[in-house]
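See structure below.
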Amino acid sequence: MKALMLLRQQQNSIAYCVEENKPCVVGWVNLYFKDCLCNVRDEFSFGFGFVSLVCWAVAEIPQIVTNFRTKSSHGVSLLFLLGWVVGDIFNLTGCLLEPATLPTQLYTAVLYTATTIILVLQILYYDYFYNCWKRSENDSGQLEVEEALKKPLRPQKTTDSGIPIPSRSSSRPMDFYFMSARSLAGSSTPPFRSNLRPIASDPSAMGLNHEDSSDDDTVDAPLNISVSQPKPIPQSAGYGAFFATVSGMPHQTKALLVGYGGRKLLQEHGTEHSALGQCLGWMMAAVYMGGRIPQIWLNIKRGSVEGLNPFMFVFALIANVTYVGSILLRSTEWSKIKANMPWLLDAVVCVVLDLFIILQYVYYKYVRKNPSTSNGREDKGAYWKANKN
Ligand SMILES: NC(=[NH2+])NCCC[C@H](N)C(=O)O
């Protein structure tokens, strides 16, 4: 299928140069990209396409690194990335079917589909496996903390002690706890692994189900401490409906996804061929353009851009601009532009939306400091660690 497609593209490209009565001047482009450049405009078009390809190749790496450092994916909307995956599938299929597609367009599509899948897998890993594992480790760590806190810190009674320490039986037990759970809760130092638990200002939030506290209770007002730990629901768990919708898509689009036999048939009916590519192109554009909304909404909802790497959007912006440039430079013939319309419109709209997300980033990060982060509701330390350098 791929060989066939490359052959088709080479034929298209060569046919165009033959039409113009010009040879392909850049041999390696012809060899590796199956593209025939026969004038300076073509060369610029290819150059832009190549920059777009490189930008897409690296665009998701900053976010992958941020997720890796924070061991979390809380800054990026999974729905947005799933939109990319679905759009990429339409895009790839559309590219294969649309004869006006440039070879760099196709390579770019293959490349970003691969990087997006890596990013989605990483998010699923952190949302499910890593955090589940951390939580179970946390539970045992919590037990250790509880045990440690149960042990009185009373120093061994020595004969030369200047200050007599009363024996346990003669004193209220709470006197022996140099640092009670309550004082820990009041401490500005985050408790051990506290970032993995719901934060509240009372001891129960730290998972300290301690008899030492009940010792306090014998003296002070009783504290009915509930230590049931609400397990945070992974971000991705909320997307079941989305998965359900997406999983229904192949049934609706099956007729559009043609194999070799279908292609042959389509090639005999040129307009039908293009119509299928166009149809997929428009579906792709709708999914890509709509995909930015969950990310924009997530930023607004959180009032923060923590965990989001802006470079992903900076690279996407450059990639989309150069992508448009590569198409427009190749040909301003209306038939070519019309054929590439879904890709062009999508790229232009995504540039606008990415610009908006970058502005959101600047606003939340530098203009309006997030109050929820200053009171420690978000894992600020980890985020800073992720963004230092
Ligand atoms: N997985 C990807 N990076 N896909 C590329 C998406 C391209 C599309 N124009 C957008 O910016 O949304």
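Just follow the structure's listing: the first ligand is 1, and inside any ligand the first atom is 1. For reference, positions follow the sequence shown, starting with 1.
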Separation of SG atoms, Cys38 and Cys24, below 2.5 Å: no
CA sep, side-chain torsions, deciding dist, call: Gln360, Ile300, side-chain contact (heavy atoms from CB on, under 4.5 Å): CA-CA 8 Å; Gln360 262 190 328; Ile300 295 170; 3.3 Å; yes
Tyr288/Tyr323 aromatic ring centres below 6.0 Å: no
Shared hydrophobic cluster, Leu359 / Ile296 (ILVMFWY, side-chain heavy atoms < 4.5 Å): no
Cationic tip of Lys71 above Phe68 ring, under 6.0 Å, 45° of axis: yes
Hydrophobic cluster (4.5 angstrom, side-chain heavy atoms) - remaining members for Ile293: none
Shell of residues surrounding ligand 1, defined by a 4.0 angstrom heavy-atom cut-off that is strict: Trp56, Glu60, Trp84, Asp88, Tyr112, Thr116, Tyr288, Arg292, Asn320, Asp346, Cys350
